[in-house]
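Heads up: the structure comes next, in structure tokens.
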Amino acid sequence: MINFLPGDRVAVLLPVPLFGPLDYLVGDTPLAPGDFVRVPLNKHFATGVVWGSVADPHADFTCLPVKESLQTVPLPDESRRFIDWVASYCLAPQGAVLKMAMSVPKALDPEKPPPPLLVAADPLPAGYKLTPTRASVLQAARIPQSAADLARTAGVGTETVKAMAAAGALVEIAADIAAGPQPDPDHPGPILSPGQRAAADALRGQIGAGFAVTLLEGVTGSGKTEVYFEAIAQALAEGRQSLVLLPEIALSAQWLARFEKRFGVQPTVWHSDLGETERRRAWRAVSRGHAKVVVGARSALFLPFPELGLVVVDEEHDGSYKQDEGVCYHARDMAVVRGHLGGLPVVLASATPSLETAANVEAGRYGKLILPSRHGGASLPEVGLVDLRRDHPPRQHWISPPLQQAVATCLDAGEQALLFLNRRGYAPLTLCRTCGFRLQCPHCTAWLVEHKTGGRLQCHHCGHYTRRPEECPHCQAEDSFTACGPGVERVAEEAAMLFPEARIAIMASDLLPGPKAAAALVDRMARREIDLLVGTQIVAKGHHFPLLTLVGVIDADLGLAGGDLRAAERTYQLLSQVAGRAGRADHPGRVLLQTYQTEAKVLQALATGDAEGFARAEAEDRRAGGWPPYGRLAALIVSGPDASMVETCAQQLARVAPRDPSIELLGPAPAPLALLRGRHRRRLLLKSPKQTNLQAYIRHWLGLLKLPYQVKVQIDIDPYSFL
Ligand SMILES: [Zn+2]
Ligand SMILES: [Zn+2]
């Protein structure tokens with residue numbers, strides 16, 4: 001380990017958007033890489049991390065001295081290499097990536113040591129006189145407690161307790177702060193099927209055996225979670241930490257319950273809804289190695305694990321793993337990098353693997369384990385298509401006659417149904433009947449979505465909202481606005497008319513104020529207090545409703561309309577996940593997809609259950625076009641408050657782009673959201689073969705031009721969002 005001695009220069013990385021560390025002078029205390037230090041920065045002090053030697057030890061400038069070294073666990077070497085790797089791959093400032101790893105600055109503050117615990121001395125000091133008061137304290141002190149707690153339990157003053165300790169009648173014992181209840185790998189868990197057992201054994205064998213990536217594939221209900229739990233059990237047995245990434249941690253009360261069933265206690269949880277104290281506690285527990293299993297959203301990847309032994313990415317195909325603001329990274333891909341840097345296994349679990357992962361399996365880079373059938377013997381739901389060209393619902397209605405019939409039959413049988421539409425609110429568009437004027441967001445290229453609850457029109461991109469105007473701002477016609485198209489609220493309204501007896505609830509993120517409300521709704525559904533659930537994609541996230549036997553998809557074409565690269569793949573994944581909600585245990589399920597495009601490949605694949613055929617055809621299209629995962633993409637979004645300045649800069653960028661026969665430059669074009677939160681946006685897209693070093697190209701390219709400070713260039717390597 002390199003040490004930096006007093007008087008040396010040292011490079012310190014700060015959690016601010018800088019592309020590298022700054023040089024400082026080591027003070028009286030020697031420093032080592034990873035140490036957290038306070039350093040002067042712009043007339044203030046900032047906390048940073050000792051990153052290593054300075055780039056140029058002979059540089060002719062004076063450095064300011066490090067103010068102090070924080071008495072806390074250093075940032076592990078693996079974490080620092082991971083930050084460097086992510087910054088370099090995503091072309092993000094190193095400091096911005098460090099900021100994600102230092103997301104709880106308060107966790108670095110000195111911790112108050114817990115008060116010492118006292119117990120009765122045995123034997124008591126010779127000649128110690130036992131008064132009734134003293135006897136009651138000794139009685140209470142059979143259980144180790146702090147002086148304050150002991151005084152309270154025995155009903156005496158703290159002075160009495162302190163005097164007894166001074167006399168040697170009470171002695172301190174070492175308080176083990178780490179010893180909270182830990183997940184127990186030997187806790188009796190559920191019985192695994194032979195297929196699950198084989199997969200679990202394979203994963204167990206990978207713990208401690210170096211880097212490996214394994215796709216764990218199995219349909220919804222096949223018991224993937226229980227299988228990777230066994231890998232966690234092995235890591236626990238070997239004293240290593242495990243990290244499980246989940247897409248929607250806030251809604252996974254059912255996942256936590258399954259974990260507790262297997263390991264006896266809850267894991268450490270990490271997501272954006274945690275309070276300040278919980279975040280601080282979790283960050284510290286991870287950094288000290290006390291948190292043995294962490295389950296979290298994508299940002300958990302940047303926690304400072306000193307003893308990481310396993311990473312699991314559940315629902316690896318899920319789009320929410322991609323962050324496309326700030327540091328643009330894909331948590332699934334970066335989890336694989338983290339595994340590689342740490343020399344540890346990575347498990348990617350999915351019922352509908354992404355084409356990226358499938359291509360890596362095919363190329364032999366990733367292993368694959370398949371769980372064949374639904375655990376517990378339930379059969380897969382039967383999927384049918386409703387051709388809306390033939391079976392059209394009446395005007396301004398969205399539930400077709402065949403779907404209405406199916407819901408009625410299901411409810412009559414005392415079973416539950418789900419109507420799925422991935423669109424929040426009441427109606428996606430409000431327009432004037434007289435002149436056709438559409439209500440748009442003033443800050444974004446987007447329509448305002450009507451929400452009946454709360455009675456307002458809202459922009460889903462920037463949050464702007466307004467009341468519905470009395471008269472049309474364009475033609476002044478009064479009471480002329482009409483709602484076009486359905487959102488979940490409107491479908492629920494129609495369902496209430498069609499099935500007046502049914503108990504109906506809506507599940508959409510904006511109607512559930514937090515994880516508790518979501519969990520309460522899931523509970524009501526599980527207790528059969530709801531007959532018909534109308535929901536957006538949050539219902540697709542792993543909830544488990546044994547009596548749900550019918551799923552109706554209101555608009556199966558919705559995801560295909562966007563027209564981006566992954567539209568068909570995403571639609572397939574989302575709809576098959578939703579379909580997976582139907583029929584568990586001994587109730588077979590049925591799924592009806594309403595569509596105008598019965599011939600679309602993705603819907604045919606869903607109807608025939610030919611997942612492999614679909615993936616093959618989709619992969620073929622991508623390979624032929626040189627699109628990911630067989631080629632590479634990078635997006636540059638040029639944005640600023642002034643439209644013409646943004647346009648000029650985007651044009652200039654395109655003009656100075658170095659010629660490279662392997663790189664195709666598309667654009668600049670107005671981004672589909674040409675105006676977002678008041679900023680005008682132009683988009684450039686780079687496309688290249690897989691082996692091209694796009695990062696080096698972009699670094700060189702952006703160095704050729706100095707843009708005005710009002711204009712920002714956001715780089716997105718491997719973009720997923722095409723907005
Ligand atoms: Zn009008
Ligand atoms: Zn907006």
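Whatever order the structure lists them in is the order used to number ligands and atoms, beginning at 1. Just so you know, residue 1 is the first one in the sequence shown, and it goes up from there. FYI, side chains are in, hydrogens and waters are out, and symmetry mates aren't considered; it's all heavy atoms of this structure.
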Exercise. To the nearest 10 degrees, how large is the angle at the Zn ion (ligand 2) between Cys441 SG and Cys459 SG?
Worked result: 110°
Exercise. Taking the six-membered ring for Trp, are Trp85 and Tyr89 parallel (under 30°), tilted (30 to 60°) or perpendicular (over 60°)?
Worked result: parallel
Problem set entry | Angle subtended at the Zn ion (ligand 1) by Cys472 SG and Cys432 SG, rounded to 10 degrees | 110°
Exercise. Cationic tip of Arg332 within the cone over Tyr321's six-membered ring, i.e. under 6.0 Å and within 45° of the normal?
Worked result: no
Exercise. Counting backbone and side chain alike, does His474 bring an N/O/S atom below 2.8 Å of the Zn ion (ligand 1)?
Worked result: no
For this session: Answer with yes or no whether the side chains of Ser480 and Thr434 bring together a donor and an acceptor at under 3.5 Å.
Result: yes
Exercise. Taking atom types as modelled and ignoring hydrogens, do the side chains of Glu569 and Ser354 form a donor-acceptor contact shorter than 3.5 angstrom?
Worked result: no
For this session: Would you check if there is a donor-acceptor pair between the side chains of Gln577 and Gln573 at a distance under 3.5 Å?
Result: no
For this session: Tell me, please, if His460 has any N/O/S atom, main chain or side chain, under 2.8 Å from the Zn ion (ligand 2)?
Result: no
Problem set entry | Metal site the Zn ion (ligand 2): N/O/S of Cys444 inside 2.8 Å | yes
